[in-house]
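Reviewing the structure listed below.
Basis for what follows: all heavy atoms, side chains included, without hydrogens, waters or symmetry-related copies. Just so you know, these numbers come straight off a predicted model, no measurement behind them. Every chain is numbered from 1 and lettered A, B, ... according to where its sequence line falls, protein lines coming before strand lines.
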There are 2 protein chains.
Amino acid sequence: MSGDGTVGKALDVLEQVAAFERPVRFGELQEKSPYPKATLYRFLQTLTNQGMLSYEAERQTYAMGMRLVRLAHAAWTTSSLAPIARPFLDQLSAETGETVHLAQLDASQVLYVDKRNAKNPVEMYSQAGKVGPAYCTGVGKAMLAYVEGEALERAIAQQSFHRFTPTTLADPQSLREELVAIRARGYGFDREEHEPGIVCIAVPILTKGSRMLGALSVTGPTSRTSLDQLEHLAPRVLETAKRIGEEAEAWRFPETRQ
Amino acid sequence: MSGDGTVGKALDVLEQVAAFERPVRFGELQEKSPYPKATLYRFLQTLTNQGMLSYEAERQTYAMGMRLVRLAHAAWTTSSLAPIARPFLDQLSAETGETVHLAQLDASQVLYVDKRNAKNPVEMYSQAGKVGPAYCTGVGKAMLAYVEGEALERAIAQQSFHRFTPTTLADPQSLREELVAIRARGYGFDREEHEPGIVCIAVPILTKGSRMLGALSVTGPTSRTSLDQLEHLAPRVLETAKRIGEEAEAWRFPETRQ
DNA sequence: TTTTTAGTTTCATTATTTGAAACCATGTTT
DNA sequence: AAACATGGTTTCAAATAATGAAACTAAAAA
């Protein structure tokens, strides 16, 4: 349950509709909602009136509304790295023959904003938009390595440390040590920590002032690649991340061009 | 100014940040805000805490946040026609050699969700996300033709009827008559009503039950095409709209597949 | 040192929200 | 036909959150 009063609650409801990934009826929402029926109903009315949700009277279903689609455009073009990074990811994926992920940090979780696989090119969004844990993914650890102080401790405190595989880092201290190592090397690995049989090399995307914007990874199955082989790609992946960071910084802070 | 209490106000503030299309400082927002300074400040704090905005401490700027980017994905994939329609637009643009627009109705305005020009292919989003008037655009009129009753009267009441060109429909009655004609023909035109020198043919995208999902247009400059030439495309554009409608309906309401 | 600027916090007052209970419309069962 | 069930919708006294002028804070400028 959120803080931030009424606005926080309304956003919870919006997110609950989004989580269904399909049009959803009032009763289905009510089953899973922590709010009383009248309260939930009123939030749905408010969000629909505001255009954030839409209501289809025939089937009595709620879905994402056009005002949200419009805000989505603004969010995607100004705060997601995906538009800027797209050509760089395509190139890296073509060169390596493996899957490339682009991610940003959403509170304490990983938000995958793009995924490219040159051998199996898919349309925009088909894999983007997924959320994953930070403590046991390459991109997650690469980003956490450049979060500092209280923000880092808050993020660590919110990790579940669920052990997905024998190699999952399952406690805060192991994670902190790993983040120090990543920072020292400049890149990190997913050593089958999240999914068995899946490994990757991951690097942070930083501004010139070393502020973390996101992370990039090259991922493959252990049947086809290994950590050693992926490590040989480190210079190339770091270079790609550097160029994305430069483009992002130039776009967002044009005054630094002077 | 919105209704819907505190949530409506918070969404106004979110939209105000989005409208800048770049990171923005508190003072810049305050200059244009109808809210008192403390009220605006608190909304920005709330939206930032909730992840809908992000705050960059070094430059003291607000921008779209990762939670909105994540909701953006949900909105885009479930409520925008763009993902489904993309291959159809590419094909239509390639065949006609002209620019194809895809739009949906956002309250009483047109939201362009995609734009394709086979001769000048641009990356995702570069032109999508724009908002335009409904009363004097092809797609706008094609959509309004399938809005009925009070919803139509509300939408008409919100049009500015500003006369952009000599051919702009500049009063409600002219618009209503045009909508009747569009519905009779099944398609409409922009006869240089919005921009001089720009014409188009536009068709609605409907479900099987004739519920309006959006609209599609083929647009060109009068230096290269004419309304007559565009009208020859009507069967092909109608077919494309029909297929998009079928795909959208199959996706959103899979139970109709049985 | 003083003044200005942009952002941030306070708290008495006002406005909005809350949510159990009741209501409504439609469909199902007896 | 009447009673019951279901899913959605509305009411309103009480509770809670929001409001916004004024004051405060920190940094920059004069």
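Between the CG atom of Leu44(B) and the C1' atom of dG20(D) there is a distance of 15 Å, rounded to whole Å. One atom, CG of Leu47(B), and another, P of dA18(D), lie 12 Å apart when rounded to the nearest Å. dG8(D) atom P lies 8 Å from atom CD of Glu28(A), rounded to whole Å. As a whole-Å value, the separation of Leu29(A) CG from dG7(D) P is 14 Å. Across the protein-nucleic acid pair, Lys37(B) atom NZ and dT10(C) atom P stand 15 Å apart, rounded to whole Å. Remark: P of dA21(D) and CD of Gln30(B) are 11 Å apart, rounded to the nearest angstrom. One interatomic measurement links the two molecules: CD of Gln45(B) to C1' of dT19(D), which rounds to 16 Å at whole-angstrom precision. Summarising the geometry, the separation between CG on Leu40(B) and P on dA21(D) is reported as 13 Å, rounded to the nearest angstrom.
At dT19(D), none of the side-chain N or O atoms of Thr39(B) fall inside 4.0 Å of OP1 or OP2 (strictly under the cut-off). Phosphate contact (OP1/OP2 of dG7(D), side-chain N/O of Arg25(A), threshold under 4.0 Å): absent. For the pair Tyr41(B) and dT8(C), the criterion of a side-chain N or O lying under 4.0 Å from OP1 or OP2 is met.
The CG atom of Leu40(B) sits 11.5 Å away from the CD atom of Glu31(B) when rounded to the nearest 0.5 Å. Rounded to the nearest 0.5 Å, atoms NE2 (His101(B)) and CG (Asp114(B)) are 9.5 Å apart. From Glu247(A), atom CD reaches atom CD1 of Ile244(A) across 9.5 Å, with rounding to the nearest 0.5 Å.
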Please tabulate, one pair per line, each protein N/O and nucleotide N/O from nucleotides 15-17 of chain C that are separated by under 3.5 Å, including the distance.
{"unit_1": "dT17(C)", "atom_1": "OP1", "unit_2": "Thr6(B)", "atom_2": "N", "d": "3.2"}

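The two atoms that bring Leu216(A) and Ala241(A) nearest to each other are CD2-N, 3.8 Å, heavy atoms only. In this structure, Ala10(B) and Val7(A) approach most closely via the heavy-atom pair CB-CG2, 3.7 Å.
Of the candidate nucleotides dT8(C), dA21(D), dT9(D), dT8(C) has the atom nearest to the side chain of Tyr62(B). The side chain of Ala38(A) lies closest to dA21(C) when the candidates are dG7(C), dA21(C), dG8(D).
More than 12 non-hydrogen atoms from other residues, nucleotides or ligands lie less than 6.0 angstrom from CZ of Arg176(A).
Ring centroid separation for the pair Tyr41(A) and Phe26(A) comes in under the 6.0 Å cut-off.
Nucleic acid contact class of Gln60(B) (heavy atoms, under 4.0 Å, all strands): sugar-phosphate only.
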